[in-house]
2 protein chains.
Amino acid sequence: MNNADSPNEPRPARKVTAAMVATHAGVSTATVSLVANGKSAGRVSKRNEERVREAIRELGYYVDSIGSSLARGVSSLVILVAPDISNPFFAKLIAGVRGVLGEDYQLLLSVTDAGLSPSATEIRRLLGLRPAGLLVHAPTPLFLSELSSPLPLIALDAPDAPENIPSVNFDVLQGAHDVAAHLAAQGHRKVGYLDATTGTATLRMRREAFLSAAAQLGMQVPAVAVSSSTIEMGDAAATFATHWDVWKESGITALACATDTHAYGVLQAASTTGVRVPQDLAVTGFDDLPFSTASHPSLTSVRLDAHSVGVQAAQALRQLIDGTPLKESKLQLSSQLMVRASSGGTQ
Amino acid sequence: MNNADSPNEPRPARKVTAAMVATHAGVSTATVSLVANGKSAGRVSKRNEERVREAIRELGYYVDSIGSSLARGVSSLVILVAPDISNPFFAKLIAGVRGVLGEDYQLLLSVTDAGLSPSATEIRRLLGLRPAGLLVHAPTPLFLSELSSPLPLIALDAPDAPENIPSVNFDVLQGAHDVAAHLAAQGHRKVGYLDATTGTATLRMRREAFLSAAAQLGMQVPAVAVSSSTIEMGDAAATFATHWDVWKESGITALACATDTHAYGVLQAASTTGVRVPQDLAVTGFDDLPFSTASHPSLTSVRLDAHSVGVQAAQALRQLIDGTPLKESKLQLSSQLMVRASSGGTQ
DNA sequence: CTGTTAGCGCATTCAG
DNA sequence: CTGAATGCGCTAACAG
């Protein structure tokens, strides 16, 4: 009953299947599959290979990944799960990942609701796609347990990930310590900390590391001078505005912020309330976003190499997918303190 | 030979199929499919439905979207193709899209290389996923022609999209006009323009609209004072630094920038070269990124409502997917000039 | 209402 | 080297 197998002219409107290519080239679908997947070496004759290639070109055939995935039991998708894409950090990370994955895997992003881990249903839908691997930014323990299946997975920026979950992290301890040491070196003796309200592990570590380093370096951190706000700049600004009187009274001369965005809010609020930075208050950030060189004053911050994270994570994931055991389950990338004007460093 | 069909205890390690659920519940796979897809109303008895639901729960079954997509000929994926995710704009847009798509479709992002349209191979891989629909940011004509297949598609921020491609755009004409009018009202008579080197239609329209509005309002735009740089802040800063002498000589007193990022670069370079903004040079941006309230001085810019774009685009796409013809093929969202200190407006 | 059946497009044995 | 046959997991007719 199949009256459509007369391959006279390539009909671009109709979906081209491997079977069509096969008849067009006068071979079987098996041969087409071999050629289309570059597995023809030593398994298909030169002549047939050439024929198939030509048919593919003429018909405009491309492998249907749905069919392919079903047959193989797994897709060639790598899914990056991240909450807050709008961070310039991610653009660089993605570039790094893409470079490593190349043509072999297809990278797609799954964005979760602001700052939240994906819901159970979302996770199932993700798994339903049968991805070759997952890259997950700052996964919650809940997310990881919900996942359950033995899927190649690398956690990013997840210093709290359990032992059995490979992860690529920044050395935030070092970064936070560097900030504290820098402030101490500038002569500060009482400092404050503006934390983020979202409780990801990396942010918790930043705070804890800073506080412990500060103590170690002989700096006081008055309890009233440790506060927090959401990652919205406006919120950070408001927090500064409402707390400044108390902070000032507590005698702090420097404020370390959990992220650059927080610091921007502080700089803005300081400017409008007439607080001079760094004379009245030194301010530091964390992340070293591009804007930090353009803010007024320019912001002292901790630079994290997003591109490297992407590269390392993608390489590790590929190993996992290939079944090669990872030599290092936990990778740690160094961070670098960028001293700028907001802390009274070099302009 | 199948000795694995003894469903005594739920084995979480093994992939759960609809067939397993069926045997477990004592029904057929068809019934399972109906229930799992919420199409059981009036087609499955209460008793069987309950049984199936219980089996699904016990076994932890979820629909395999690969198999489902293959059977239906289309997946429930909506793919957003965008080049530059790191723009805070996208986070809001995505939130809007997600809200409209709800549980019915799964949104994934495909990030293309910085500022570039996806390659032909990438497009094929995208199509290979058989997405239910595509949302494409600033597609090039090449992209659209390469696509060819009659897939539900909405272009975003694509004022140049051909008639037959539905799109959701901002009224950049109005925005650019507002900028020009504002500068004219501030008394500027000679102004410059810093364009982006990436040639997307929206950027081209911003420039053209600004230049024509400026002319109409009696402002001169010396040819030497129209320049361009990449969207990297540092590049914009460098462009300012090398051009300022010439610009100054040309007599311009204001510089309109194609994007806020460009403007940040200009503000930074102006600050380091001792050019006072807005006294020596008024500066305006376009996009109104969050940082524009925190820059020094705060940046006059054109606000675009990203969330609305997301909502409108997703709604239109759903209509397309459902086969409902669109009433309006081209949607245009208004933009709003935010006057701030960089143009000598209110602080 | 419910079960049976026939593909969806492809990769992979397994005989030739 | 090559092709026919099988099944991946599911949905949509189609019979009961």
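Just so it is clear: chains get the letters A, B, ... in the order the sequence lines come, proteins before strands, and each one is counted from 1. This one's a predicted model, so the numbers in the text were calculated from it and none came from an experiment.
Between B/Leu93 and B/Leu156, some side-chain heavy-atom pair lies under the 4.5 Å cut-off.
Considering only side-chain N and O atoms, A/Asn48 lies under 4.0 angstrom from the phosphate OP1 or OP2 of D/dT2.
Between B/Asp322 and B/Thr324, the side chains place no donor N or O within less than 3.5 Å of an acceptor N or O (distance only, hydrogens not considered).
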Original post:
Stepwise, does the side chain to side chain contact (heavy atoms under 4.5 Å, CB included) test hold for B/Glu122 with B/Arg125?
Top reply: CA-CA 5 Å; B/Glu122 283 184 300; B/Arg125 302 191 73 164; 5.6 Å; no

**OP:** Carefully, step by step, assess B/Leu333 and B/Val309 under the rule side chain to side chain contact (heavy atoms under 4.5 Å, CB included).
**Re:** CA-CA 7 Å; B/Leu333 275 60; B/Val309 183; 3.7 Å; yes

Subject >> B/Val111 and A/Leu107: CA distance, side-chain angles, deciding distance, side chain to side chain contact (heavy atoms under 4.5 Å, CB included) verdict >> reply: CA-CA 8 Å; B/Val111 182; A/Leu107 178 68; over 6 Å; no

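When each of B/Ile94, B/Leu101, B/Val100 is paired with B/Val97, the side-chain contact (heavy atoms from CB on, under 4.5 Å) condition holds for B/Leu101 and for no other. Each of A/Arg51, A/Arg53, A/Arg47 was checked for a side chain to side chain donor-acceptor pair (under 3.5 Å) with A/Glu49, and the lone residue meeting it is A/Arg53.
Separating the CZ atom of A/Arg51 from the C1' atom of D/dG3 is a distance of 14 Å, rounded to the nearest angstrom.
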**OP:** Let me have a per-nucleotide readout for nucleotides 4-13 of chain C, 5' to 3', with B, S or -, counting only protein heavy atoms under 4.0 Å.
**Re:** B--BBBBBB-

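With axes fitted over five pairs at each extremity, the angle between the ends of the helix from C/dC1-D/dG16 to C/dG16-D/dC1 is 40° (10° resolution).
Looking at residues two or more places apart in sequence or on another chain, you find a ring-ring contact (aromatic ring centres under 6.0 Å, His included) between B/Phe90 and B/His137.
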